[in-house]
Structure formats: C-alpha cells, structure tokens
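Worksheet: one structure, shown below.
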Amino acid sequence: MIEFTHVYKSYDKNYILRDLSFNIYKGEFVFITGPSGAGKTTTMKMVIAMEKPTHGQINVFNEDISAIQPKQIPFLRRKIGFVFQDFKLLINRTVFQNVALGLEISGVSGSIITKNVTEILKAVELYQTKDEYPLSLSGGEQQRVAIARALVQNPSVLIADEPTGNLDFETASIIIDILKSFNNKGTTMIIATHDKTLIELGRARVIDITKN
Amino acid sequence: MIEFTHVYKSYDKNYILRDLSFNIYKGEFVFITGPSGAGKTTTMKMVIAMEKPTHGQINVFNEDISAIQPKQIPFLRRKIGFVFQDFKLLINRTVFQNVALGLEISGVSGSIITKNVTEILKAVELYQTKDEYPLSLSGGEQQRVAIARALVQNPSVLIADEPTGNLDFETASIIIDILKSFNNKGTTMIIATHDKTLIELGRARVIDITKN
Amino acid sequence: MISQKINYLNNYFKIAFLNIKSNIAGNIFALSIMSFSFFIMLFFMLSYINIYNYMLSFEKNNTMIIFLKNTNNKNSEEAHFNKVRFNRIIASNIINKIKKFKGVKKVKYYSNKLSYKFMIKHTPKIKSILAKIKPAYFPKIIKIYFNSNYISKIYLSNIYLRLKSMRHIKFVYYSKLMEDRINQFIFFTKIIGFIVLMFLFISSVFVSYSAIKLIILRKQNDIEILKLIGATNNYIKIPMYIESGIGSVFAFILSLILLFAIFNIFIYYRFNNFLAFFKINIIFLSSFDVFIIFFVALLSGILGTYFSSRKFF
Amino acid sequence: MISQKINYLNNYFKIAFLNIKSNIAGNIFALSIMSFSFFIMLFFMLSYINIYNYMLSFEKNNTMIIFLKNTNNKNSEEAHFNKVRFNRIIASNIINKIKKFKGVKKVKYYSNKLSYKFMIKHTPKIKSILAKIKPAYFPKIIKIYFNSNYISKIYLSNIYLRLKSMRHIKFVYYSKLMEDRINQFIFFTKIIGFIVLMFLFISSVFVSYSAIKLIILRKQNDIEILKLIGATNNYIKIPMYIESGIGSVFAFILSLILLFAIFNIFIYYRFNNFLAFFKINIIFLSSFDVFIIFFVALLSGILGTYFSSRKFF
Ligand SMILES: Nc1ncnc2c1ncn2[C@@H]1O[C@H](COP(=O)(O)OP(=O)(O)OP(=O)(O)O)[C@@H](O)[C@H]1O
Ligand SMILES: Nc1ncnc2c1ncn2[C@@H]1O[C@H](COP(=O)(O)OP(=O)(O)OP(=O)(O)O)[C@@H](O)[C@H]1O
Ligand SMILES: [Mg+2]
Ligand SMILES: [Mg+2]
C-alpha cells in the first residue's frame, strides 16, 4: 500500500535519508523509529506529498506520489489521517470545530459531522472541553485533539508523528487502544516514536530508518 | 526559594489545583509529575507570574508573587529560565538569534552574547544548525533550542516543562546531563514530566501535584 | 452531487462569515482602508463632475450676437418714429433669413432700449457708468440661440461668415476664442478625469490587494493547515472572494454615505451660495455615476483578492 | 550604566531594522497606505492653498473709485479748455485731501479720456459697445490704492463716509458687497480648510493606527514570547516607535515626491495655461506648508503607534 524504493532526501545538499526502502501493507500497524533528527517526520511528510524525495520512488495506493497532479493532492490527503508532531490546530476554532474540519472540507453534511465528532471526542476523553479553544488546553489535551481530527474522517491510513510525546502512561495506553481498535477495523497505522514503552505496548513491526 | 502555600487555581470555576503546598530549596533538582491535564504547566506558569493563583500564596526569591508590581515582572523572569512545552521560539529568527534573545533583552553586549550562545549551542549539539530557522528543525531539535535559550542566561532557577517529550533516550540523557551540570553549579532545577525513564535517570525529589 | 454542491456553497458562506468574525480587527481595518480609498474615488468623481459641469455651462452658452448698423440719428420726433419703424423692418427681414438656417432654435431682437436694459442687467459692476449713457447710444442687437446638438466649431464659423456678408449688419460676436479655449479645456478635463480615475482605480486595486494580502498572511498558517488535511484550493479561495465581496460592498456603502453626509452638510451651511456667486452650481453624483464607482469598487475588490491570493496556491 | 544604555539604544535600532526586514510585505503595505493618506493630505493642502490664494487675489484688490461730478457741457473750444483746467484744479484739490488720510498708498486721477481707455481695457467683452460711446460721456475718476495692512471693513466704510460728504464728488464705489462676500467666503474657506485638514489628520492617525496595529497583531505572538523571557515594555515599544517613525518619514517623502511629480506633469503639459485663462495662478506648497504636513505626518505616525500599542501592554 505504501512503498518506498531507494528513497533519498536532502535539504541543502545534506542527505537526511539515504537509500530508504520499505513496504507497508494494508491493515498493518507499524512503528517508525530513529533518534531525534533522523528523518522520521520527513519520511511521513513524503507520504502525503508535503515533501518530495530527492531521488527514488514512493508509491501510495499504487500511485507514484512524485508524479501526482497538484489538483489530486487534496484527495490523497483526505484518505490519509495525519497527526502532526506540533499538532497544527487552528487556534481560533474550538476543539469541536477543529475536529469537524476534516469532514467539512469533504463536504459532509452538518448532522453527520455532529454525530461523528461527538463520538470521537468522547473516545479521546475530551467531550467536556469541546467548546474550548486550543490555547486553553494542556499539551496532552491538544495532542488528543489532533488525534481525534485525524481519526474522525475514518481514513484508510493513519500517520501519527509522536502521538504520545505529551501524554502520561495511562493516557498514552488509552490512545494506543483507540488506534488498535481503528486498526482492527482496517485502518493502516504508521506511528513515529522513540518511546520504547509505547513500542512495547504496541507490539508491532518496527521500521528503524537509521538502519536502512 | 520557591514556596507554594495552600494554592488553589481555577479556570471558569473548575478547580484544577486544590490546596497545593510545597517548598523548593535553593540548588535542588525537583521533578513535578501528574497525568495529562493535572496542572503541571499551570503550576509552573504561576512561578513566573504568567498565571495568578485563585487563592493561596506563592513566594519566589522570598517575595510574594501575587503582590508583584507589573514593572517588576520582567526582572523576575530574567532570573528564571523557562523551557515551554510548546517551545515558543520566534519563527522569523534563526536558532542563534533565538538563543541570544534572553541575553539581548538584559542588555548584554554583543561579544559576550556570541561567546555564550556558541558555547551552549555546542553543548546541546546544535551548533551546526545555528543559522537555520526553527521551522526547518525537527521536533527534538526545536526542543533543544528552547532549552539552550533558557540556559544561556545562567538563571538561578530553571523551569522545564516536558523538556524531553520529543527526544529519544540518548538525546534525553545528554540533556539531563547538561541540566545536572548546571544544577551542580548552583541552578535550581524544576522539571515537569510524566516520563518515568527520565525520573529514574534524574534520581531526584518528585512532587506529584495530584497527591497534594 | 447537487446536494453536495449546495452543502459546499452553504459552507463557503459559513466560512466567510466565520472568517470575518474571527478577524474583526483585520476586517474593520481592511474595510476602513477600502472605504477611505472609495471615498477618495467618489470625492474625485464628484469634484470632476462638478468641474466638468461648470465647464459645460460655458459650452452650452450656444448663442451668437449680431450688432446692427445704426441708422442716421435725426433729432425730430417724426423722424424718430420713422426710424424705429424702419429699423424694425430691417431687423425682421434679417431675423426671417436667420430663422431659415439649420440648427437655429430661437432668435431675439433687442432694440436700443432693450439692449440698454440688457447691459445694465448683465454687467452690474459697471452699472453706475452705463446708467449715465443715453439708451440711444446702445446698439440694436439680434441674439441667436442654437440647438445644442448643432454646435460645432465649423458650423459656428460657417454661420458667422454667412451673417457677416449680410447688409445692415455691423458685426457678429460669438467669442470664438473663448469657445476654442473652453473646448480645449474640456478636452483636457476629460483626459485628466480619466487619468485620475485610472490612477484611483489602480491604487484602490492595490489597497484592496494589500488589505486582503495582509489578511491572508495572517491566515497563512491556517491555510497551510487546511491544505494539509485535504482542503482544495476552491475551499480556501471561494470564501475569500465572498469575504472581500462583502467587504467591498460595505466599504462602498460606507464611503457613499460619508460623501453624501458631507455634501449635505455643505448644502446645509449654504456654502454652495458662495459658489453660486462665482456662477458655480454644485450637483451630487447621479445614480449612474454611483453605479460606475460601485462597479469599479467591486471590481477592485475582486481583482485585489485575485492578485493577492494567486501567489499562495 | 551609560554603556548599557547605549547598548540598549543600539539594540532598539537593530531590532527596528530587523522587524522591518522580517515583515517587508506588511511594512510596504503600511508604507503605501500611509503614503496614500499623506498624499491625499498634501493634495488637499495644495488645492486649499491655491483656492485660498485665488480668493486672496480678490481681497488684495484694495482700491476705491471716486466718480467726480461732470461740469456743465459747453460746446465751444475755449470753454472746453477752461473746463479741463477747472476740472484739474478740483481734482488735485480732492487728491490732496485724500493723500492726508492715514493708510492711503497711491492716488491716481483718470480724466474722461483716461477713464474711457481704462474701461475699454478692463471690459473686453463689451469693448465693441463702449467703442461707440464718446469719451466725453465717461466719468472722471479718482482711484485710491490703500496699504493692504490698513484694509478692514470699518476703515473702508469710514473713508467711504468721509469721501461722500465732500463737494464735487458724485459717488464712491468700492464694491462693498463684493468685499463682504469674498471676506465671508475666505472665512469659510479657512474654516473648511481647517475642518478638512483635521479630518485628514484624524483619518491619517487612524490609518497609521490600523497599519501598525495590524503589524502588532501579526507580531503579537512574538511580543508575548519576548515578554515571557523577561523583555520590558520599553524593549518592545521603542523599536516599534522607531519603526513607525522611519515608516512615516519614508511615506511622507514618497507622497511628496509623487505630488511634486504630478504637479510638474501638470505644468509640463501647460494645463496651468488654461487655469490662467480663468485668472487662476497655481503655486506649489511652500517649504513651510511642507513642514507643517511633515510634522502632522510624523505626529500621526507616532500617535497611531501610541494608540495601537497601548492595548497590548
Ligand atoms: N525544511 C527543512 N529545511 C532544512 N532542514 C530540514 C527541514 N526539515 C527538516 N530538516 C532537517 O532534517 C532533519 C530531519 O528532520 P525530521 O523532522 O524528519 O526529524 P525527526 O526524525 O522527525 O526528529 P524528531 O524526533 O526530533 O522529531 C533534521 O536535522 C532537520 O533539521
Ligand atoms: N487558559 C486556560 N483557560 C481554560 N482552561 C485552561 C487554561 N489553561 C489550562 N487550562 C486547563 O487546565 C488544565 C490543566 O492544564 P495544564 O496545562 O496545567 O496541564 P498539564 O498538567 O501541563 O498537562 P499536560 O501534561 O497535558 O501538558 C487542563 O484541563 C486545561 O484544559
Ligand atoms: Mg519529528
Ligand atoms: Mg503541560
């Protein structure tokens, strides 16, 4: 489903990724690890065409991403949920509006939005803060909003960058459980992390990008 | 040195902190823990007068913070280094300029700034990225810039909110070592975290704010 | 598909209103800047139209004056009576000829006495001097009014030459020089008016361009986030056009109200009386002028949005 | 301490330039909006000064005309000679009396012939009519020029009454009504000019207020961060004042250059010739006027910064 073949990536002639190749299959649960600055975030960004590989080929849903039409990019991104390391929440929209965003841009009607958003907010234990603005949330709460926004669209792939960096062990376990349940329903999960406890908890395949 | 006595804090009538009392002495190394949303960040913000307690008294450097003059706040903050959970870097200044900021606002002359900033950037292993802008850094690198900015002023107290949330174990160890060495030179350290590995690594007093 | 389109459209309006609400400061700023620029535009239009109107009043002065030769002045009562009759015959003769010319609207005859009264009425400044002169010394005048659509330099000079060749006519006066100069001036007023309007249009496009670009710059972060989670360009742009459209209309209405208020204050304090003293008669913009500026305003808003948003997509 | 102060000052300028550099788009926008507003201000000032100047040319018309009584008209050559001599004696008598009045600058006597010539020269439109009148029918005139600093309504009416009571004087003419109206108009022009300038000043304070507020809003995040790591209000505000000061000065220079260019294009294409035809003589702003606007511009920039930054600290 997601296929990296001999991918190289450089910023200003510094190669961050060299000859990275891996394959992620439909319905898998995969961890991507590596030390700080190894290129985990960069790798994931390339999947949703936020960054282009310097060399090599990336296939997503059996399509070559480097040849994708700019017009097609939004539709690719709607099929892939992404939890950003820095959350990327809109600070002048409430928690509810932030989570609803993904559905709104796909043109889903209002009643369905309300139903789905309410459901997912309850799952990440944030329903009571639905009318708060992101800046009045704790770091861990913001992270959970970002996760909820990615999950609410029921994407076929979910990419999460350090989704539990700001969460204590208990909350992290709850999040992992949610991710697992979505995985069981068929969503492919790709999680970047350096938290060894999380990896142990997840018990899944690990791709260490420094080793490729 | 930092003394909370019967501190209560509420946002919109929801009490987040109830009857919190503790004492941190000069030269100590303290961890503050608690689950996501427990009030760790809020507690630390109160030390630098970013938030006011609803009830109770907070003494910092033997002064009552709730009675502080607005004009005095900048001078209090210059004595306390703060590593924010969301880093709070200026995105249109380079790494070097961001770290130099704390010295500049204190009116330190240019040559001393260059010397000190260079030193601290080398310590957190970021000297090679000194001319990059924060947005082109990885999450862990941004976090280390935030730490460097707080340390460069040689503050008498350093407060770090989740300083290793985005760091792998090896980098986290390096950071802890740096913090320890500053602590040995007399800086009081207050670290908020829920990372049990970090607490084990730090081997220091733990204040669990949910237990007060 | 149609229900989804309606859903989208509904959404676009919702987003536009949300954007306006969430950035009140920026929008009020953009609104006032645009109002300011439209106001200046309207004000120039008003000034221009009044100046042009004033100029036109010269051009509309579509008359020609013929001075008839005085017959010999005899001092007896009987001769005087004869002379008056004789003059009348000559005048009506000439008038009949003139009336046959194409484009002539009205012909009026002033006897010595009438022309004396006419002079006194129209030159109040030297009234005291004229009052001392005997009416008999004043010329007999025939005044010709032309249809305004016939007036052209060639037509007038044609008439002029035909009249000059007639008997009993002393000379013909139609301030040719004046006409020429005023025509030239009107031409330049037209050009200057056009240039000023173009200049204002461009600067108002620039103003709304910058106002909207600044709003976009503030929202750049939000736009990037939206694009990262799969928003199409239309999803981001259309609300922006709606936003700036609403803004332009409001700004225009605001500036029009402002101008109207100022105009009425001006009228209220009878400042126009002082202008009337200089034979300047001020008028407000016609609804057609207002419509033109409205169109220009809307266009500049939309063009501004187009240019400012182009870079970001 | 002093070295630290210098260090700070140095820093403030460095920060101001850094801010300008890091937000080029916003600053160019603010600059052009401010230029736009200053340009309008300068343009109004230019228009106002020219209108005022034009008005003033009426007021400077500080003359009074006295019509002398005509002596009995006898038709013999000898009587005519005597009459001329007699008239001269009367005239010089009156002139001597007038010259003793305070504030009189010059007195000029026009005999019938001279006054005839004068009339013909000053009323070109009815020249043809006047040409048919005998010079002897024209009045003898004495024209009085006053020192301009003596002219006041009371002074003139005083002189008027004194002259009227003299022998051999038929009537005195000084277009009282005209004077009154023009004085009134000048008064209103002054008031309107003042109001318009105030209005422009306020709107230009508003413009720079909004421009700077928008810049601050964009920097709000940065400002908060700076305050969190111990920056004093001065550290944040002073560079902002420097920034907006530099901005105001640049905007002002830009708008002045623009106005000057337009003015010279106007002169180059000799549009002023057409205005001269209406006895309007256009002038550029004096350096004093420019200085006033510069001061107003700078003030509005600083006031704008003050108002916009006040809320944030
Ligand atoms: N836009 C950019 N321009 C230049 N360099 C960049 C850019 N983005 C990332 N980098 C560099 O690429 C390297 C890899 O970054 P990346 O964010 O992928 O790391 P990461 O593995 O996610 O690290 P972390 O665990 O700290 O988040 C870093 O050294 C970073 O400085
Ligand atoms: N400005 C605010 N307005 C309203 N509620 C707030 C505000 N700031 C914080 N809160 C709430 O206070 C609670 C504690 O927040 P705080 O940031 O102190 O938690 P924390 O312990 O740092 O959590 P984390 O580990 O997730 O960062 C949260 O539930 C949060 O929603
Ligand atoms: Mg990363
Ligand atoms: Mg926190």
Side-chain angles (χ1 to χ4, degrees), chain B residues 41 44-45 47-51 69-94 96-113 133-134 145-159 161, chain D residues 1-30 212 214-244 246-247 306 309-313:
Chain B
T41 304
M44 293 170 130
K45 280 178 177 171
V47 176
I48 58 163
M50 255 178 94
E51 298 280 356
Q69 296 265 321
K71 283 217 159 190
Q72 289 305 313
I73 292 178
F75 301 99
L76 169 75
R77 288 178 183 169
R78 286 181 198 177
K79 288 187 273 180
I80 304 176
F82 205 117
V83 181
F84 295 92
Q85 196 169 6
D86 53 355
F87 318 149
K88 295 204 190 294
L89 302 176
L90 299 181
I91 55 168
N92 42 30
R93 307 225 186 171
T94 63
F96 188 94
Q97 287 167 342
N98 264 290
V99 175
L101 219 55
L103 296 173
E104 261 172 28
I105 59 175
S106 311
V108 175
S109 80
S111 54
I112 297 173
I113 290 179
Y133 288 88
V145 176
I147 294 167
R149 187 179 65 189
L151 286 174
V152 77
Q153 293 194 75
N154 217 335
S156 52
V157 179
L158 184 103
I159 300 179
D161 194 356
Chain D
M1 270 315 278
I2 286 178
S3 96
Q4 209 193 18
K5 282 255 165 80
I6 291 173
N7 222 332
Y8 269 121
L9 203 74
N10 192 7
N11 246 336
Y12 291 155
F13 270 93
K14 253 171 58 190
I15 294 166
F17 283 113
L18 212 108
N19 282 348
I20 291 172
K21 230 177 69 187
S22 76
N23 184 12
I24 286 287
N27 275 289
I28 286 182
F29 173 62
I212 290 154
L214 227 83
I215 290 181
I216 290 176
L217 279 175
R218 284 196 69 207
K219 282 198 292 206
Q220 200 174 357
N221 201 25
D222 287 20
I223 290 172
E224 261 158 32
I225 293 172
L226 284 172
K227 288 175 80 178
L228 286 179
I229 60 177
T232 54
N233 282 351
N234 277 348
Y235 186 83
I236 297 163
K237 268 189 190 172
I238 292 176
M240 225 131 78
Y241 278 105
I242 295 173
E243 209 181 322
S244 72
I246 293 170
Y306 173 71
S309 66
R310 206 171 46 157
K311 264 193 191 167
F312 289 88
F313 302 105

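All of these numbers come straight from a predicted model, not from anything done at the bench. In the text below, chain A, chain B and the rest are named by the order of the sequence lines, each starting its count at 1. All values below come from the heavy atoms of this structure, side chains included, with hydrogens, waters and symmetry mates left out.
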Is it the side chain or the backbone of B:Leu89 that comes within 4.5 Å of chain D heavy atoms, both, or neither? backbone

Contact class of D:Leu228 relative to chain B, heavy atoms under 4.5 angstrom: both

Can you measure from CG (B:Leu90) to CD1 (D:Ile225) and round to the nearest 0.5 angstrom? 5.0 Å

Dump the table of donor-acceptor contacts under 3.5 Å between chain D and chain B, or return none if there are none.
residue: D:Gln4; atom: NE2; partner: B:Ser106; partner atom: O; Å: 3.4
residue: D:Tyr8; atom: OH; partner: B:Ile105; partner atom: O; Å: 3.2
residue: D:Lys227; atom: O; partner: B:Arg77; partner atom: NH1; Å: 2.9
residue: D:Gly230; atom: O; partner: B:Arg78; partner atom: NE; Å: 2.8
residue: D:Gly230; atom: O; partner: B:Arg78; partner atom: NH2; Å: 3.3

Over all atoms of both residues, closest heavy-atom pair of B:Leu101 and D:Leu226: CD2-CD2, 3.6 Å

Take atom CZ in D:Phe13; do more than 12 heavy atoms of anything else shown fall under 6.0 Å from it? no

